[in-house]
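Here's the structure we're looking at; comments come further down.
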Amino acid sequence: MQLKWRVGLIHSFLIAYSLIAVLPILLVVMNSFKIRKAIFGTPLALPSAETFSLVGYVKVLGNANIGIYFFNSLSVTLISMATVLLFGAMAAWALAEYRFKGSNLLALFLSIGIMVPIRLGSISILHMMVDLNLVNTRLALILVYTAQGLPMAIFILSEFISQIPRDLRDAARCDGVPEIAIFFQVIAPLLRPAIATVAVFTIVPIWNDLWFPLLLAPGNDTQTITLGIQQFIGQYITDWNSVLAALSVAIIPVLVIYLIFSRQLISGLTAGAVK
Amino acid sequence: MAKLSLHQLSKSYGSAEILKDISLDIKNGEFVVLVGPSGCGKSTLLRLIAGLDPVTSGSISIGDRIVNDLEPAQRKIAMVFQTYALYPHKNVRENMTFGLKYAGLPAEEISRRVDEASRMLQLQDLLTRKPKDLSGGQRQRVAIGRAIVREPDVFLFDEPLSNLDASLRVSTRVELSRLHTLLKSTMIYVTHDQIEAMTLADRIVVMNKGRIEQTGTPLELYYQPANLFVAGFIGSPKMNQFSAILRNATAATGFGLSVPVKGGDEGSAVTIGIRPEHFVVGREGEHPHAARVELVERLGEISHLHMKLNSGELMIAEWRGRDAPSIGDSLSLAAETSNIHLFDAKGVRI
Amino acid sequence: MLLLFFFLGPAVIVYSIFSVYPLIATMSLSTFTSDSSGALHFVGLENYRLLLMDKDWREPFWNAFLNNIWFFIIHMAVQNPIGIAIAGLLSLPHLKFRGTYRTLIFTPTMLSVVIIGFSWNLILSPLWGISEGFLKFFGLGAFFQPWLGLESSALITIGLISVWQFVGIPLMLIYAALLNVPSELVDAARIDGLSHMRIFFSVKLPLIAPTIGLVSILTFVGNFNAFDLVYSIKGALAGPNFSTDLLGTFFYRTFFGNQLQLGSPTMGATIATAMFLIILIGVCIYLYGIQRRLERHSF
Ligand SMILES: Nc1ncnc2c1ncn2[C@@H]1O[C@H](COP(=O)(O)OP(=O)(O)O)[C@@H](O)[C@H]1O
Ligand SMILES: [Mg+2]
């Protein structure tokens with residue numbers, strides 16, 4: 001009896017906190033589907049037949065740029081992720097597998113970036129991009145995000161690689177497999193479970209970043225969705241339907257992807273890379 | 001197939017000298033087992049032979065070539081690991097063929113070898129399975145198959161049976177023995193299990209602390225151990241060791257056993273070694289040395305009697321038959337004179 | 001050698017050019033000043049003297065710095081205890097719906113700070129009235145205030161929004177560490193008659209101390225680098241009356257300029273370097289002062 005009571009208490013606490021976590025988000029998404037009057041009149045009610053309206057979405061999605069913003073975010077994030085994973089895994093492998101003069105020093109050098117945010121170098125990054133004629137290009141963002149994501153990725157992947165049994169690499173060497181093929185054909189396929197962990201630490205910050213898009217690619221053709229929504233809201237600040245719809249447009253895709261992959265994502269996170 | 005020789009081989013990691021001055025000649029087709037306690041450098045030696053780690057000094061030759069500077073793949077060796085080291089994302093066939101592709105073999109040759117090896121190891125039905133869908137014994141057979149398809153001059157095994165359960169270990173051991181008869185290749189096999197060593201080897205190399213203590217056939221090691229370490233390592237339960245003093249060409253122990261000795265320094269301390277199975281045990285007074293039973297381990301047909309001699313020394317003797325004595329019984333012992341081993345103060349056989 | 005270059009080259013090159021070099025260049029820029037024509041002149045540590053002594057710089061700098069410390073304290077006092085508590089509950093044996101709770105509570109962490117900032121801005125706005133209505137429902141309507149608009153409460157409110165969003169990170173890290181505590185240890189403690197509460201505080205918590213240290217330093221670095229949330233809720237001016245100004249927004253304003261002043265890359269670089277030093281000091285205290293003392297246990 002007492003035990004039941006205690007379990008109940010634990011669940012009510014967890015339910016309460018879960019509500020605190022998701023209610024604000026639901027509130028925004030829910031109201032984005034309502035007519036203006038209902039947004040203010042009955043903000044806590046679900047949209048009903050009378051209050052349902054897509055007027056905000058019509059305006060947001062009618063804004064031809066939203067598609068471009070989405071494409072920009074998607075391409076920047078995916079390409080950055082791919083380069084972070086590829087370069088990061090290659091470097092992590094070399095650091096974990098080959099002992100050479102200065103390898104510890106190099107590992108230390110690469111790990112500075114875990115603790116020191118790349119943003120602090122923004123001024124010089126901007127100057128450099130101006131000199132390279134890369135301002136307002138997606139490439140500028142990709143390069144910076146790759147540099148930003150690498151240290152953490154190398155750290156996580158090194159831990160992961162060091163857990164791959166040494167015998168496996170030795171077996172491949174005895175089999176006469178060349179070093180580069182050992183990496184791409186034996187080690188890389190085994191890194192799949194680490195990708196979720198790397199993703200949380202690199203993709204999410206890239207997709208959600210406001211700073212570098214604002215700094216390096218504020219032009220209309222190169223804006224990311226986060227920046228685009230921010231600017232859109234700035235323009236239509238009093239048009240609640242549009243603002244809520246714009247926020248939802250930014251939230252819903254991420255939410256859907258998150259819910260689909262949450263199990264892998266979270267098990268990747270808890271799989272211990274960071275102990 | 002080829003002979004293999006190691007010449008004054010040493011290996012250090014930093015300042016730690018792991019292998020010291022190892023010289024060994026292995027004949028073509030010989031099955032050599034390296035035994036020794038855990039950490040004595042067996043795996044290190046095998047990895048040097050395989051070319052996975054560079055030697056610090058000395059030379060390794062396989063066939064007529066010195067292979068010190070060759071990559072593992074160029075040495076014509078194949079290695080089977082304790083953890084099997086199968087590629088988890090490749091199926092059994094791919095595991096066996098992965099290395100061959102890089103050797104530039106034609107496809108028919110590759111499939112001929114895989115067919116032959118899988119027939120030999122009864123892997124035909126498993127070729128499309130992934131390692132995770134195999135049992136421990138099957139994985140081990142795949143690992144051996146992957147070595148066989150390379151058709152190497154020398155097979156290297158690093159404790160290949162220690163991850164298997166006891167009964168599987170025995171059957172795989174027999175299978176390995178059969179395989180050696182069939183393939184007639186040179187094989188070097190590392191284990192810390194002396195039963196594996198005794199049953200598989202043409203020749204055993206006993207290692208300790210990075211050195212070779214003795215090389216010989218299983219029976220040589222059993223009957224003529226070169227020193228106290230080998231005497232203690234080979235045989236189970238361990239050989240009993242009694243300290244004795246050498247006087248008038250006779251070594252005498254505290255409990256009254258005297259053994260004639262040729263040579264040796266007068267007055268020096270020597271050790272007399274007698275295996276548990278080389279005692280004759282009888283009723284009190286029947287034999288010269290009295291002893292009391294302190295513990296009895298019954299293994300079925302034989303029992304191990306842990307006894308205390310009247311000098312206070314502890315020893316183990318083997319008892320055959322079902323009517324083993326009980327704790328507290330007073331018995332008497334005699335040693336079989338033909339199976340008494342003598343070692344000088346440095347532990348070297350006299 | 002060629003092999004090493006193949007594997008390490010791409011990462012090292014991109015990282016050096018776009019992360020390390022800009023950092024160093026920024027530090028060096030902080031020792032220059034630019035005149036009206038844009039030409040740079042070396043001035044040594046003059047910019048730092050300005051930042052710390054000059055009346056026009058000193059006040060906003062200390063304001064942002066102290067606000068930042070508050071921001072950090074709010075996170076340490078609210079975010080991390082909540083994270084630890086929820087992780088502790090989630091790691092209890094035989095708990096049902098564990099995965100669902102985890103997913104829900106981690107959701108805000110996945111979303112953009114900008115989106116979160118705007119959403120809360122709307123929710124807390126007296127215009128919409130949703131928060132007021134919510135409080136009224138519990139009979140607490142009288143307590144409602146436009147928290148984000150008041151100088152006295154804006155920073156705390158933004159801090160709590162940030163806590164709300166990022167509690168998932170300590171939660172997950174600590175949860176992962178708790179899962180790594182071997183269950184035999186907990187079983188042994190239960191057989192010894194310890195309650196779950198006691199087990200958590202006297203067995204699990206000491207074992208995961210290194211993770212709590214890690215969480216603290218990650219919080220520190222994140223907080224002293226924060227920008228997006230304040231910017232999206234309050235804009236670069238971090239109102240009302242700079243009460244929500246953090247080093248990140250101060251840096252941005254100084255570099256880009258705003259309605260009140262012209263942008264100054266050299267002073268911006270000076271502030272960035274100061275932030276770098278603050279973070280570095282924090283990291284060093286963590287590495288040498290805290291982490292060393294925390295014993296690492298391997299199971
Ligand atoms: N890469 C290495 N670096 C330093 N020491 C090593 C390394 N590999 C093995 N050793 C040391 O060498 C000794 C022998 O190891 P090993 O050959 O694995 O012994 P075993 O006989 O059990 O196979 C051990 O003491 C081990 O600690
Ligand atoms: Mg070994």
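Labels below follow one simple rule: chain letters A, B, ... track the order of the sequence lines, proteins then strands, and each chain is numbered from 1.
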Test side-chain contact (heavy atoms from CB on, under 4.5 Å) on Leu29(C) and His127(A); report intermediate values, then the result. CA-CA 11 Å; Leu29(C) 187 65; His127(A) 286 168; 4.3 Å; yes
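- Shown here for Ile118(A) and Phe18(C), the closest heavy-atom pair between the two residues is CD1-O, 3.3 Å.
- Interface residue Ile39(A): backbone and side-chain heavy atoms are both found under 4.5 Å from chain C.
- Of the listed residues (Ser122(A), Gly234(A), Ser124(A), Ala94(A)), the one with the most heavy-atom contacts under 4.5 Å to chain C is Ser124(A).
- Here Leu8(C) contributes atom CG and Leu95(A) contributes atom CG; the two are 5.0 Å apart, rounded to the nearest 0.5 Å.
- Neither the backbone nor the side chain of Ile271(C) has a heavy atom closer than 4.5 Å to any heavy atom of chain A.
- Taken to the nearest 0.5 Å, the CD1 atom of Ile251(A) stands 6.0 Å off from the CD1 atom of Ile116(C).
- Across every non-hydrogen atom of Thr26(C) and Gly121(A), the tightest pair is OG1-CA, 3.4 Å.
- In terms of heavy-atom pairs under 4.5 angstrom with chain A, the leader among Ser19(C), Gly99(C), Gly268(C) is Ser19(C).
- Residues Tyr286(C) and Met115(A) share a closest heavy-atom pair of CE2-CE, 4.4 Å.
- Top candidate by heavy-atom pairs under 4.5 Å with chain C, chosen from Val144(A), Ile10(A), Leu110(A), Val254(A), is Leu110(A).
- At a 4.5 Å heavy-atom cutoff, the contact between Phe40(A) and chain C is made by backbone and side-chain atoms alike.
- When heavy atoms are compared at a cutoff of 4.5 Å, Thr109(C) approaches chain A solely by way of its backbone atoms N, CA, C and O.
- Outside the 6.0 Å centre-distance limit, the rings of Tyr101(C) and Tyr17(A) are not counted as a close aromatic pair.
- If you measure heavy-atom distances from Ile13(C) to chain A, you find no contacts under 4.5 Å at all.
- Each of Thr83(A), Leu255(A), Leu214(A), Ile225(A) has some count of heavy-atom pairs under 4.5 Å with chain C, and the biggest count is that of Leu214(A).
- Residue contact with chain A, scored on non-hydrogen atoms closer than 4.5 Å, involves the side chain of Leu3(C) exclusively.
- Comparing Ile15(A), Ile229(A), Leu244(A), Leu126(A) by how many heavy-atom pairs each has under 4.5 Å with chain C, the most go to Ile15(A).
- Between atom CD1 of residue Ile257(A) and atom CE of residue Met110(C) there is a gap of 9.0 Å, rounded to the nearest 0.5 Å.
- Ranked by non-hydrogen atom pairs under 4.5 Å with chain A, the options Leu111(C), Ile217(C), Val114(C) are led by Leu111(C).
- A salt bridge (charged side-chain N to carboxylate O under 4.0 Å, His left out) check over residues 108-127 of chain A, counting only residues at least two apart or in different chains, returns the pairs Arg119(A)-Asp209(A), Arg119(A)-Asp228(C).
- With values rounded to the nearest 0.5 angstrom, Ile123(A) atom CD1 is found 9.0 Å from Ser30(C) atom OG.
- With a 4.5 angstrom heavy-atom cutoff, Phe220(C) does not touch chain A via any of its atoms.
- Taking Ile203(A), Val204(A), Leu19(A), Ile114(A) one by one and counting their heavy-atom pairs under 4.5 Å with chain C, the maximum is reached by Val204(A).
- With chain C as the partner, the residue from Thr146(A), Ile112(A), Ile25(A) showing the most heavy-atom pairs under 4.5 Å is Ile25(A).
- Taking each heavy atom of His11(A) and Lys96(C) in turn, the nearest pair found is CE1-O, 3.3 Å.
- Checked against a 6.0 Å centroid threshold, the rings of Tyr252(C) and Trp211(A) count as neighbours.
- Without hydrogens or angle criteria, Tyr15(C) side chain to Gly113(A) main chain gives a donor-acceptor distance under 3.5 Å.
- Remark: Pro117(A) engages Leu120(A), Val221(C), Asn225(C), Ile279(C) in a side-chain contact (heavy atoms from CB on, under 4.5 Å) (not counting sequence neighbours).
- The 12-atom threshold is not exceeded at CZ of Phe97(C), counting heavy atoms of other residues, nucleotides or ligands nearer than 6.0 Å.
- Residues from residues 84-93 of chain A that place a non-hydrogen atom less than 4.5 Å from a non-hydrogen atom of chain C comprise Phe87(A), Met90(A), Ala91(A), Trp93(A), given in numerical order.
- With a threshold of 4.5 angstrom between heavy atoms, Leu23(C) approaches chain A through its backbone and through its side chain.
- The environment of CZ in Phe109(A) is crowded: more than 12 heavy-atom neighbours from other residues, nucleotides or ligands sit within 6.0 Å.
- No donor-acceptor distance shorter than 3.5 angstrom exists from the side chain of Asn208(A) to the backbone of Val113(C), with no hydrogens or angles considered.
- The OG atom of Ser232(C) sits 7.5 Å away from atom CD of Gln230(A), with the distance rounded to the nearest 0.5 Å.
- Using a distance-only test at 3.5 Å, with no hydrogens or angles considered, no donor-acceptor pair links the side chain of Ser18(A) to the main chain of Ile105(C).
- Heavy atoms of Val283(C) lying under 4.5 Å from chain A belong exclusively to its side chain.
- Judged as a salt bridge (charged side-chain N to carboxylate O under 4.0 Å, His left out), not a single pair has a partner in residues 209-222 of chain C (not counting sequence neighbours).
- Among Thr103(C), Leu104(C), Ile86(C), the residue with the largest count of heavy-atom pairs under 4.5 Å with chain A is Thr103(C).
- Looking only at heavy-atom pairs under 4.5 Å with chain A, the residue among Ile169(C), Leu280(C), Val20(C) that has the most is Val20(C).
- Both the backbone and the side chain of Leu14(A) come within contact range of chain C, each with at least one heavy atom under 4.5 Å from a heavy atom of that chain.
- The neighbour count for Phe5(C) CZ, taken as heavy atoms of other residues, nucleotides or ligands under 6.0 Å away, does not exceed 12.
- In this structure, no portion of Trp207(A) lies under 4.5 Å from any heavy atom of chain C.
- Residue Pro205(A): no heavy atom, backbone or side chain, is found under 4.5 Å from chain C.
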Worked verdict on Val243(A) versus Phe118(C) for side-chain contact (heavy atoms from CB on, under 4.5 Å): CA-CA 9 Å; Val243(A) 167; Phe118(C) 271 114; 5.6 Å; no
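- From Leu27(A), atom CG reaches atom OG of Ser119(C) across 9.5 Å, with rounding to the nearest 0.5 Å.
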